[in-house]
Amino acid sequence: MLNCVNSKRDWGKILNSNKCRFIMSFNRPSLSPERLLRQEVLALHAYHVQPSPGMVKLDAMENPYQLPGGIREEIARAVATAAINRYPDADAQRLKHKIREASGLPASVDVLLGNGSDEIIQLLAMAVAKPGAILMSVEPSFVMYKMIATFTGMKYTGVPLAEDFALDLPVMLEAIKRQQPALIFLAYPNNPTGNMFDAAAIVQIIEAAEGLVVIDEAYYAFASNSFLPQLGRYDNLLVMRTFSKLGMAGLRLGFLAGSKVWLEQLEKLRLPYNVGVLPQTVAEILLQHHDVLLQQAEQIRRDRTWLFERLVGTVDVHAYPSDANFILFRLPHAARVFEGLKQRGVLVKKLDGGHPALLDCLRVTVGTAEENELFVRALQESIHQFA
Ligand SMILES: *Cc1c(COP(=O)(O)O)cnc(C)c1O
């Protein structure tokens, strides 16, 4: 049969010939995902995104502001002439240069670009995923660390944070010593808790780890500290950032900064055209106007203070201080209040029902002043409804 198929390209003839007629009736057991796919994949739950049309969308840490008209026109002109018939610049030289300028990276630091920083997490995991290799993070933290460990066949360890969501350093150091993780991710500030871990404790983790430590600075624009200046100091330290939370979530662009020794290896795993022509073109312009985005971030930080005070002043609500563009808060009947908010047209993130440490927790992204007021009103109404 193989001969028959290989020797004739004309499938119509093949299928009609007597010799091959049995192909049509060949009766194999029906193929199902359960039979073919890896057990870990079958056990996964897909990353769920709530539908949000028409809602006040405060669930995904997006920048709520539009760009000034002048910049939008600049983007429109650049997009109009962009060579979308061509593959993008695989090295994204101009964009990388802009990223270096905007982020103040020294020449000694190398940059790798990702289709969002999610892609960079995956690339790092693929690179170290020897049989039995461990990816370590803390819990609760960004759920993609665990999901990507699973995608790539790594073992995952989530070291519990202390009750106030600070690093539990002795437990962490003990886990590192015992398990020798190949890769550690620490979100700084942490998502979904919003706090920044103690920098001195992070340094101890970097020094104790024999694998790579990646500081995930997705919220750098809202934070009071960064590990970028530490890059030259530790040979196992990498810093990852994304522009998603600053106002480019729709572009999908993140980067990893670190020494060439690591990044030239990781480059081998990067798909050659992972950042398209349009994202490159638009991001170059936006980074040219980085100051405008940082001013928006500054406004978000001021509004975060306003929102935090409102939450703290709401009976039965416990709000956690945040260095990011969102606030985690705990309250009785969180799941029902979440539904109450939704009925009032406000979408936040329900963390209750996920990690046990987030029992009765919701997370609200800081929106525009108007959106924040709508949220506070809807929250108070929803709380009264269930009191
Ligand atoms: C949002 C987020 C990311 C992923 O951002 P991308 O949009 O994929 O660039 C990574 N890490 C943390 C901690 C985040 O909150």
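Both ligands and their constituent atoms are indexed starting at 1 by order of listing.
Heavy-atom separations between Arg252 and ligand 1 include at least one value shorter than 4.0 Å.
No side-chain donor from either of Gln295 and Tyr65 sits under 3.5 Å from a side-chain acceptor of the other. Using a 3.5 Å distance cut-off with no hydrogens or angles, the side chains of Ser322 and Arg304 do not pair a donor with an acceptor. Residues Gln380 and Arg377 bring no donor and acceptor atom of their side chains to less than 3.5 Å of each other.
Considering only residues two or more places apart in sequence or on other chains, Arg178 meets the salt bridge (Lys or Arg N to Asp or Glu O under 4.0 Å) condition with Glu174.
When non-hydrogen atoms are compared, ligand 1 lies under 4.0 Å from the backbone of Ser117 as well as from its side chain. For Met61, no heavy-atom contact with ligand 1 is shorter than 4.0 Å.
Ring to ring, Tyr219 and Phe326 are close: their centroids are under 6.0 angstrom apart.
Shown in contact with Ser244 at under 4.0 Å from a heavy atom are these atoms of ligand 1, numbered in order with element: 6 (P), 7 (O), 9 (O). Within ligand 1, the atoms closer than 4.0 Å to a non-hydrogen atom of Lys245 are 1 (C), 2 (C), 3 (C), 4 (C), 5 (O), 14 (C), 15 (O), numbered from 1 in the order shown.
Nearest to atom 12 (C) of ligand 1 by heavy-atom distance, out of Val143, Asp216, Asn191, is Asp216. Around atom 15 (O) of ligand 1, the closest heavy atom drawn from Phe243, Tyr219, Phe142 belongs to Tyr219.
Below 30°, between 30° and 60°, or above 60°: for Tyr87 and Tyr273 the angle between ring planes is below 30°, a parallel geometry.
Checking only distances, Tyr145 never comes within under 3.5 Å of ligand 1, N or O to N or O.
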